[in-house]
Amino acid sequence: MADSSTPTIIKGLEGVYFTETKICKVDGLKGRLWYRGYSIESLAKNSSFEEVSYLILYGRLPKKDELDGFKARLISSMALDNGIVELLKSLNGKMLPMDILRTAVSAMPAFSEKKVYQNDSEEHIAESIEIIGRIAGVVATIGAMMNNLGYSKPDSSRGIAYNILYMMTGKKPEEKAAKMLDVMMILHAEHSSNASTFSTIVAGSTMADLYSAITAGICALKGPLHGGADEKALDMMKDIGDPNNTEKYIEDALAGKKRIMGFGHRVYKTYDPRAKVIKAYLEDIQNGSTMEVQTLTAIALKAEKLMIDKLGESKGIWPNVDFFSGPVYTYIGIPKSLFTPLFAASRSPGWCAHMLEYWQDNRLIRPLDYYNGQLDIPYTPIDQRK
Ligand code: SDX
């Protein structure tokens with residue numbers, strides 16, 4: 001029982017503002033999202049993952065020559081050093097893809113060319129571009145190994161999404177699939193102080209290096225309450241198996257107090273605007289895709305309606321970015337265990353941008369915890385302990 005001296009404990013830092021930012025605005029009540037002042041809808045419709053990464057990092061849209069130069073640097077970083085490829089091969093099949101990615105990012109500095117920079121900010125931007133490109137290259141190469149293929153160099157004339165599919169399959173991807181993946185990466189690129197971005201900033205606030213901070217972000221993203229929900233949501237759809245089983249499955253799960261993955265959000269108390277864009281793709285791919293994708297899509301749309309009827313208005317639990325991603329990634333040919341690593345590749349610009357912004361006015365993050373145990377307990381020598 002808390003007495004009058006017990007401070008107010010804010011579990012999960014819910015509703016706590018820890019810094020100011022100009023990178024992203026999330027309006028959880030209205031279901032709106034902006035990166036650097038541009039709405040997610042306008043960016044998904046008009047932009048590319050490379051242009052959005054530039055916007056998130058630099059705070060403005062690039063001119064043509066700036067974008068071309070930025071893209072060239074990203075794709076050259078996507079071409080992995082032989083040492084990283086050998087590391088990926090040694091871990092292939094021994095760890096989950098998300099764990100291989102985390103390990104590879106930790107090892108990246110070992111394969112980074114030692115360069116001299118004019119100042120910290122130039123160094124941090126250069127490292128950010130290297131990290132964004134390399135994470136994408138690592139995810140693509142993990143995918144290639146899952147397809148029993150070796151590493152292949154990216155096509156320097158194309159972007160990151162195209163090259164992820166190209167490097168994963170060894171074949172030129174369909175333009176429609178590459179475009180869909182590019183939009184999915186835009187939708188996942190940034191989302192204010194989510195758990196993985198906050199973890200990145202906590203690590204970097206000690207003045208650890210950017211690779212260490214991003215590794216912390218990858219560790220946090222893995223959990224099913226955060227980035228890992230996309231894989232769990234697809235597992236649920238596959239467990240349901242037939243659209244006619246959806247209602248009973250959802251009702252039994254809710255009766256058993258289970259969480260339906262891909263629904264609910266700490267900030268959105270209405271429809272996640274990103275989920276709306278992804279849902280539109282589902283309706284687009286429903287016809288003409290494989291039976292598997294058609295079944296998954298039918299189950300997803302049924303589960304969406306059921307969950308909104310049951311928990312939407314009443315509890316503010318709506319579809320989030322992770323719910324419809326599974327059927328879309330499956331349509332594009334991405335294996336389930338690569339969903340969250342792909343989320344990491346998409347979110348790397350957001351992680352880097354927030355870290356660079358926080359370092360502009362760094363403050364070690366060190367909250368308090370309230371001790372409610374005993375004090376000054378007498379020490380009992382081991383031979384006298386009962
Ligand atoms: C992402 O933060 C970000 O921005 C994250 C993200 C990003 O882009 O970085 O948007 C990406 O992580 C999206 C969220 C992915 N996670 C999931 O889909 C996992 C399932 N969702 C839940 O576990 C939950 O909704 C959270 C974790 C996302 C948010 O939970 P909160 O804010 O901590 O809410 P809560 O756990 O306190 O739940 C409040 C109530 C509870 O019921 P009561 O105990 O009050 O009766 O809502 C219920 C919960 O049981 N609830 C759910 C539910 N989510 C919440 N019930 C069933 N299914 C769910 N999905």
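Atoms within each ligand, like the ligands themselves, are counted from 1 in listed order.
- The heavy-atom pair separating Leu282 from Ala300 by the smallest distance is CD1-CB, 4.2 Å.
- With contacts defined as side-chain heavy-atom distances shorter than 4.5 Å, the pair Glu50/Leu74 qualifies.
- In summary, the atoms of ligand 1 found under 4.0 Å from a heavy atom of Arg266, numbered by their order in the structure, are 29 (C), 31 (P), 32 (O), 33 (O).
- Residues Leu338 and Pro97 come closest through the heavy atom pair CD1-CB, 4.0 Å.
- Checking side-chain atoms of Ser47 against main-chain N and O of Ala44 turns up no donor-acceptor pair under 3.5 Å.
- Closest non-hydrogen pair, Tyr329 versus His188, comes out as OH-CE1, 3.6 Å.
- With sequence neighbours excluded, no residue forms a side-chain hydrogen bond (donor to acceptor under 3.5 Å, both in side chains) with Asp182.
- Here the side chain of Tyr371 pairs a donor or acceptor atom with the backbone of Gln374 at under 3.5 angstrom.
- In this structure, the side chain of Asn147 does not engage the main chain of Leu149 through any donor-acceptor pair within 3.5 Å.
- Under a 4.0 Å criterion applied to the non-hydrogen atoms of Asn194, ligand 1 contributes the atoms 2 (O), 3 (C), 4 (O), 5 (C), 9 (O).
- With a 4.0 Å heavy-atom cut-off, ligand 1 is reached by the side chain of Asn320 but not by its N, CA, C or O.
- The nearest non-hydrogen atom to atom 8 (O) of ligand 1, considering only Arg274, Met261, Lys310, Met307, comes from Arg274.
- Of the options Lys315, His226, His265, the smallest heavy-atom separation from atom 40 (C) of ligand 1 is shown by Lys315.
- In this pair, Phe18 and Phe198 present their aromatic rings perpendicular. The plane angle is above 60°, beyond the 30 to 60° band.
- Not a single N or O atom of Lys269, backbone or side chain, sits closer than 3.5 Å to an N or O atom of ligand 1.
- Within a 4.0 Å radius of atom 44 (O) of ligand 1, the protein contributes no non-hydrogen atoms.
- Atom 37 (O) of ligand 1 lies below 4.0 Å from none of the non-hydrogen atoms of the protein.
- Within the 4.0 Å cut-off (strictly below), a protein heavy atom is located near atom 57 (C) of ligand 1.
- When only non-hydrogen protein atoms are considered, atom 28 (C) of ligand 1 lies nearest to Gly264 O, 3.8 Å.
- Not a single heavy atom of Glu190 sits less than 4.0 Å from an atom of ligand 1.
- Close approach to Ala229 involves these atoms of ligand 1, each under 4.0 Å from a residue heavy atom: 15 (C), 16 (N), 17 (C), 18 (O).
- The nearest pair of heavy atoms linking Arg274 to Asp272 is NH2-OD2, 2.7 Å.
- Checked by distance only, ligand 1 and His191 come closer than 3.5 Å through their nitrogen or oxygen atoms.
- In this structure, atom 34 (O) of ligand 1 has its sub-4.0 angstrom surroundings free of protein heavy atoms.
- Within the 4.0 Å heavy-atom criterion, the part of Arg347 lying near ligand 1 is the side chain and not the backbone.
- Taking a cutoff of 4.0 Å between a charged side-chain nitrogen and a carboxylate oxygen, Glu247 and Lys305 do not qualify as a salt bridge.
- Using the six-membered ring where Trp is involved, Phe70 and Tyr58 have ring planes that are perpendicular, over 60° apart on the 30 and 60° scheme.
- On a distance-only criterion, Gly262 and ligand 1 share at least one N/O pair closer than 3.5 Å.
- The heavy atom nearest to atom 24 (C) of ligand 1, considering only His188, Arg259, Lys257, is found in Arg259.
- For a threshold of 3.5 Å applied to N or O pairs, the pair formed by Ile260 and ligand 1 contains at least one separation below that value.
- Shown in contact with Lys258 at under 4.0 Å from a heavy atom are these atoms of ligand 1, numbered in order with element: 57 (C).
- The proximity of Ile317 to ligand 1, defined as any non-hydrogen pair under 4.0 Å, is limited to the side chain.
- Residue Pro224 places a heavy atom under 4.0 Å from ligand 1.
- By the 3.5 Å distance cut-off applied to N or O atoms, Glu14 is not counted among the residues near ligand 1.
- Listed here is the closest heavy atom pair of Asn245 and Ile240: ND2-O, 2.9 Å.
- Contact analysis leaves Lys232 out of contact with ligand 1, as no non-hydrogen atom separation drops below 4.0 angstrom.
- Across all their heavy atoms, Ala189 and Tyr35 have their closest contact at N-OH, 3.5 Å.
- Among the atoms of Ala195, none of the N or O lies under 3.5 angstrom from an N or O of ligand 1.
- Taking the side chain to side chain contact (heavy atoms under 4.5 Å, CB included) definition, one finds that Glu41 meets it with Arg32, Ser39, Pro273, sequence neighbours left out.
- In this structure, the ring of Phe324 has its center no less than 6.0 angstrom from the ring center of Tyr281.
- Note on ring orientation: taking the six-membered ring where Trp is involved, the planes of His265 and Tyr268 are tilted (angle from 30° to 60°).
- In this structure, of Phe263, Tyr268, Phe198, the residue bringing a heavy atom nearest to atom 21 (N) of ligand 1 is Phe263.
- Residue-to-ligand polar distances keep Phe343 apart from ligand 1: every N/O pair is separated by 3.5 Å or more.
- At a heavy-atom distance under 4.0 Å, no atom of Ser196 approaches ligand 1.
- At the shortest separation from atom 27 (C) of ligand 1 among protein heavy atoms lies Leu225 O, 4.0 Å.
- Counting protein heavy atoms only, atom 13 (C) of ligand 1 is closest to Asp322 OD2, 3.5 Å.
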